[in-house]
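Just the heavy atoms: all of them, side chains too, but no hydrogens, waters or symmetry mates, feed the values below. Both ligands and their constituent atoms are indexed starting at 1 by order of listing. All residue numbers in this chain count up from 1 along the given sequence.
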Amino acid sequence: MTTVLDAIVAGVREDLAVRAEQVSLADLERRVADAAAPIDAEALLRADGLSLIAEVKRASPSKGALAEIPDPASLAVAYADAGATAISVLTEGRRFNGSLDDLDAVREAVTIPVLRKDFMVTDYQLWEARAHGADIILLIVASLTDDELVRMHTLAHDLGMTALVEVHDEGETQRAVDAGARVIGVNARNLKTLEVHADTFSRLVPLIPPGIVTVAESGISGADDARMYAAQGADAVLVGEALVRGADTSAMVRSIVAAGARTEPEHA
Ligand SMILES: O=C(O)c1ccccc1NCC(=O)[C@H](O)[C@H](O)COP(=O)(O)O
């Protein structure tokens, strides 16, 4: 049966083939050589307190249109000024209405780490991410073989980027750990069914060895959820919809950051 994730990845591969015709890998390699050095996002996410990765998200397969975001750079600046640790930029065009232009605009506008959030299935996309200034890339375990996961994780680190390795069940968590992941994102949204289960993080976090940075992703609606994940030991939360739909984005960022700062992990 074709899942939502399969359908997204099929579209990503088609769009990628077009871009690869226009910009060669050699061109990307030259741009990477000239690019500013990436920021060590892993170290920032590892720091005390709960970090917030705030997402620029216009639309999604689960909810359709969320927000127009005509100026992603000013949204990113608002996130950064209010205390976000990093900015996530969705660059997939068909379902999320994002682009590499959004990534460029955000990269230009902020000095904190930027995550290229996309469905990475080839090495080319990693070079592309770095050429466009990304400090972090997403590797979704469900859409990669073990060999691809290890190879792309290694390449991301060789390019100086942090790899956010995303899982949503026990098997994927083990695969991420075996691949040497240093930052694991536990996605409460099952990307095959789009169902969100808020208990996914607490179920999977015991399987993640100490020392690996953990990020709770999806379905986070505000400070109460952030407090809950901080108490369960999350190092960071990744929030999209609640921020782009909220009436006062800066206030919501500040409240999430403050909630995490005041919460001790339950096992501490
Ligand atoms: O958001 C979706 O509907 C979605 C569907 C299929 C694949 C990925 C999807 N989202 C990507 C994300 O991981 C989220 O944008 C991110 O975790 C933020 O989630 P939220 O705060 O719930 O917007």
Before you tell me yes or no, could you show the steps for Asp102 and Arg58 under salt bridge (Lys or Arg N to Asp or Glu O under 4.0 Å), namely the whole-Å CA-CA distance, both residues' side-chain angles and the distance that decides it to 0.1 Å? CA-CA 11 Å; Asp102 289 346; Arg58 290 198 182 89; 2.7 Å; yes
Are the charged groups of Asp178 and Arg175 less than 4.0 angstrom apart, N to O? no
Are Arg19 and Glu128 ion-paired here, with the side-chain N under 4.0 Å from a carboxylate O? yes
Qualifying residue for side chain to side chain contact (heavy atoms under 4.5 Å, CB included) with Val165, from His153, Glu172, Met152, Arg182: His153
Is a salt bridge present between Lys63 and Glu241, judged by a nitrogen-to-oxygen distance below 4.0 Å? yes
Any carboxylate oxygen within less than 4.0 angstrom of a Lys/Arg side-chain nitrogen, looking at Asp104 and Arg107? no
Taking non-hydrogen atoms within less than 4.0 Å of ligand 1, which protein residues qualify? Ile8, Glu55, Lys57, Ser60, Pro61, Ser62, Phe96, Lys117, Phe119, Asn187, Arg189, Leu191, Leu194, Glu217, Ser218, Gly219, Leu238, Val239, Gly240, Glu241
